[in-house]
Number of protein chains: 2
Amino acid sequence: MITNALMLHCGLSWRPGFGLLFRRVSRLWSVYASALIGQIMNLKTLSEHLGLSQTTVSRALNGYPEVSEKTRQRVLESARKLNYSPNARAKGLATGKSMAIGHVIARSSRHEMVNPVFGDYTAGAGESYSAAGYDMLISLVDDDNEEQFYRAIKSKGNVDGLIVHGPKMEDTRIDLLSSLGLPFLSHGRASNVTRNYAWLDVNNCRAFQRATEFLLDLGHRRIALLNGLEFLDFAHRRRQGYIKALAGRGLEPEPALMRSDEMTEIYGYRETRAMLEADDPPTAVLCSSIISAIGVRRALSDAGLTMGRDVSVITYDDDLSYMSNGQEVPIFTATRSSVREAGRLSAQMLLDMIRNPGLPLPTHLMEADLIIGQSTGPAPNHT
Amino acid sequence: MITNALMLHCGLSWRPGFGLLFRRVSRLWSVYASALIGQIMNLKTLSEHLGLSQTTVSRALNGYPEVSEKTRQRVLESARKLNYSPNARAKGLATGKSMAIGHVIARSSRHEMVNPVFGDYTAGAGESYSAAGYDMLISLVDDDNEEQFYRAIKSKGNVDGLIVHGPKMEDTRIDLLSSLGLPFLSHGRASNVTRNYAWLDVNNCRAFQRATEFLLDLGHRRIALLNGLEFLDFAHRRRQGYIKALAGRGLEPEPALMRSDEMTEIYGYRETRAMLEADDPPTAVLCSSIISAIGVRRALSDAGLTMGRDVSVITYDDDLSYMSNGQEVPIFTATRSSVREAGRLSAQMLLDMIRNPGLPLPTHLMEADLIIGQSTGPAPNHT
DNA sequence: TTGAAAGCGCTAACAT
DNA sequence: ATGTTAGCGCTTTCAA
């Protein structure tokens with residue numbers, strides 16, 4: 001019966017000149033509607049309940065100036081009372097915005113998500129988004145059909161912008177996304193990409209240079225570098241910093257001491273063992289990831305070596321919260337709070353880009369914190 | 001000019017009887033369209049390009065049977081070649097589905113995201129989603145207006161279902177979501193909720209019972225429990241397990257040894273110091289969180305105590321990858337891979353619910369792994 | 001086997 | 001200050 005009343009109204013409203021009748025029916029209808037909390041609450045229902053047009057209600061709700069204050073209050077109160085909130089898909093379809101930002105994680109580099117740092121970054125970004133009324137959409141992608149995925153995300157249109165994680169030295173995504181016209185910000189830079197793009201990065205080069213210099217100052221001369229895959233930009237920059245520090249003391253980097261692979265635990269273990277068993281083993285290890293560092297520690301332990309006395313270890317991509325224990329394990333680190341801040345800031349930058357499409361693309365370089373503990377000791381005498 | 005042609009076609013297509021002309025214009029148009037890769041690719045453009053109706057194209061794309069195989073192939077090939085993928089908002093508006101699942105994180109329990117376990121859970125869930133063509137939408141919510149948020153998420157309609165994280169003993173969200181008719185699965189149970197709901201949980205009670213029994217077997221009698229906030233269901237269950245184990249040996253739980261608060265590092269530090277300074281300090285600590293465990297270790301270190309010799313520590317919510325170091329710190333844990341499996345499974349269960357709304361609500365209880373290392377030693381003699 | 005047309009819930013240009 | 005109307009891009013009856 002209620003349905004009938006509704007249909008009737010719809011039928012009439014298409015024709016002009018029935019304003020009065022329309023009002024009458026509406027009022028009648030509103031009697032039913034009051035008993036209808038929990039019913040489908042959309043703009044139509046709400047406007048019928050109020051005896052106003054959808055347009056006016058929409059305007060009142062979206063803060064347009066041409067609505068009388070009295071009407072606006074009435075509308076706002078009703079909306080609140082009836083728990084109305086606009087259907088995001090319909091709104092998006094009408095406005096062309098989706099009020100969501102996508103974070104794309106490549107599937108092969110699945111460890112990215114498992115990386116403890118990811119949670120903190122995400123938390124930071126989430127804060128910015130929720131403050132601005134945006135949602136955060138996370139997708140895992142198999143990286144063999146990445147290009148297709150980005151094209152799809154553009155035409156699917158369920159995000160207004162994208163954060164790109166883990167850029168490679170020459171990352172094709174940057175050109176692709178630029179040409180697609182989908183606003184994006186890269187978390188990390190891509191050294192071999194010349195075009196302009198928005199990014200936020202940690203100064204990986206400086207970080208590893210300082211860490212290496214610190215070890216050199218302690219007297220270490222054989223410093224191993226356990227790096228990530230060096231086609232990934234951050235890993236490349238870390239090696240640059242390492243080499244730069246050595247060069248500053250007139251030292252040549254030794255290939256046998258530089259390893260590069262996916263940063264798993266077993267990788268850290270395997271490479272450390274191999275280096276320890278070789279002639280002239282390293283007295284210090286500079287490790288690019290907390291995960292691999294666990295392997296490093298296992299290997300040292302297996303070899304009967306004590307960290308900070310026999311071999312110094314500095315780990316990056318790590319944090320006091322995870323590493324510090326009773327022994328005050330030493331750290332060189334992007335702290336959890338700074339990672340969260342990076343997330344917050346990236347999101348903010350991207351939202352700004354979306355809101356002011358005209359402005360030059362923002363970039364930001366963060367310095368990494370340096371925290372040193374007891375496991376980084378002077379080079380042992382036998383060296 | 002192209003625009004004109006397009007408008008013309010639109011104008012004509014509203015009237016019947018112009019089929020022939022329509023075809024002609026379409027063919028003409030398709031010549032332009034071939035030069036138009038990169039143009040707005042929507043169903044309309046695509047169908048015009050093919051000289052077919054939107055209906056037929058849609059049917060071909062969505063696998064409806066009443067399309068000729070020849071047509072279907074032509075459509076599919078064109079769609080692929082022109083990088084067409086349907087607009088998610090429009091599709092959603094038309095179908096009433098959004099092909100996205102929401103994960104809601106309460107803001108006050110922000111540490112949930114920062115919890116290293118969160119990343120693994122999310123990674124697992126993400127795998128299930130991407131395999132099924134779903135997106136994952138993460139929102140941070142201030143928990144003072146949570147109810148309003150859930151109502152909004154329902155009528156905004158940008159997710160087809162929800163994963164609820166960190167349920168409380170009596171969690172109002174479960175009743176709310178049930179009554180809203182929004183499919184959801186709770187990661188964890190809510191002991192005081194009697195209605196049926198879908199959940200996946202780790203057997204927290206058994207886990208802590210076993211850990212406590214393990215310490216009791218080593219001769220410990222004064223075992224501290226550093227628990228989370230006990231209105232959170234998992235924390236409550238952990239205490240149950242702890243008490244059950246003590247009761248099994250005829251021991252009364254001692255209030256001074258049972259602490260409960262938000263699981264921060266400083267909390268672990270503060271409470272451990274306090275207990276160590278009291279008369280008759282604990283010889284073992286059972287800690288509910290990796291984060292607080294760091295504080296525990298600091299406190300032990302400050303007091304000049306050695307873990308595994310003077311005081312044993314067992315940490316839950318933790319993992320080999322994070323905790324194990326050169327010293328082989330001991331662990332009692334839901335391992336990272338099992339957490340990821342929990343995420344994968346939860347997501348799968350929720351998707352199944354959505355696809356088969358008729359079936360009884362699924363539930364699943366996982367057992368926690370038990371891994372013990374050297375830092376859990378026998379009770380010292382001075383006890 | 002194909003097409004026309006209505007409708008999903010909203011916004012915005014255009015009346016009045 | 002308020003209302004009418006035409007889309008946004010898709011699915012889905014209904015008709016042919």
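By convention in this document, chain letters (A, B, ...) are assigned in the order of the sequence lines, proteins followed by strands, and residues within each chain are numbered from 1. Only this structure's heavy atoms are used, side chains among them; waters, hydrogens and symmetry mates stay out. Bear in mind that the values here come from a model prediction, so they are computed numbers and not experimental data.
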Interatomic distance where [atom1] belongs to [X] and [atom2] belongs to [N] [whole Å]:
| X | N | atom1 | atom2 | result |
| --- | --- | --- | --- | --- |
| Asn158(B) | dG9(C) | CG | C1' | 14 Å |
| Lys44(A) | dT4(D) | NZ | P | 13 Å |
| Leu46(A) | dG9(C) | CG | P | 14 Å |
| Lys97(A) | dA12(C) | NZ | P | 10 Å |
| Leu61(B) | dG9(D) | CG | P | 16 Å |
| Asn87(A) | dT11(C) | CG | C1' | 13 Å |
| Leu52(A) | dT4(D) | CG | P | 11 Å |
| Leu93(B) | dC10(C) | CG | C1' | 8 Å |

Would you mind writing out the side-chain donor-acceptor pairs for residues 132-141 of chain A within the sub-3.5 Å range, not counting sequence neighbours?
from, atom 1, to, atom 2, distance (Å)
Asp135(A), OD2, Asn158(B), ND2, 3.1

Exercise. If only atom types and distance count, is the side chain of Arg173(B) paired as donor or acceptor with the main-chain N or O of His165(B) below 3.5 Å?
Worked result: yes
For this session: Specify whether Tyr197(B) and Phe184(B) have parallel, tilted or perpendicular ring planes, treating 30° as the upper limit for parallel and 60° as the lower limit for perpendicular.
Result: parallel
Exercise. Is the phosphate of dT2(C), meaning OP1 or OP2, less than 4.0 Å from a side-chain N or O of Thr56(B)?
Worked result: no
Problem set entry | OP1 or OP2 of dT2(C) under 4.0 Å from side-chain N/O of Ser68(B) |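 So the side-chain polar atoms of Ser68(B) do come within 4.0 Å of the phosphate oxygens OP1 or OP2 of dT2(C), strictly under.
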Would you list the atom pairs, donor with acceptor, under 3.5 Å between side chains in residues 57-67 of chain B and any protein atom, with sequence neighbours excluded?
from, atom 1, to, atom 2, distance (Å)
Ser58(B), OG, Asn62(B), ND2, 3.4
Asn62(B), OD1, Lys91(B), NZ, 3.4
Asn62(B), ND2, Ser58(B), O, 3.0

Problem set entry | N-O pairing of Glu77(A) and Arg80(A) below 4.0 Å | no
Exercise. If you draw a 6.0 Å radius around CD in Gln73(B), do more than 12 non-hydrogen atoms from other residues or ligands fall strictly inside?
Worked result: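 Enclosed.
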For this session: Quick one, give me the B/S/- string for nucleotides 11-16 of chain D, reading 5' to 3', where B means a protein heavy atom under 4.0 Å from the base and S means that only happens at the primed atoms, P, OP1 or OP2.
Result: BBB---
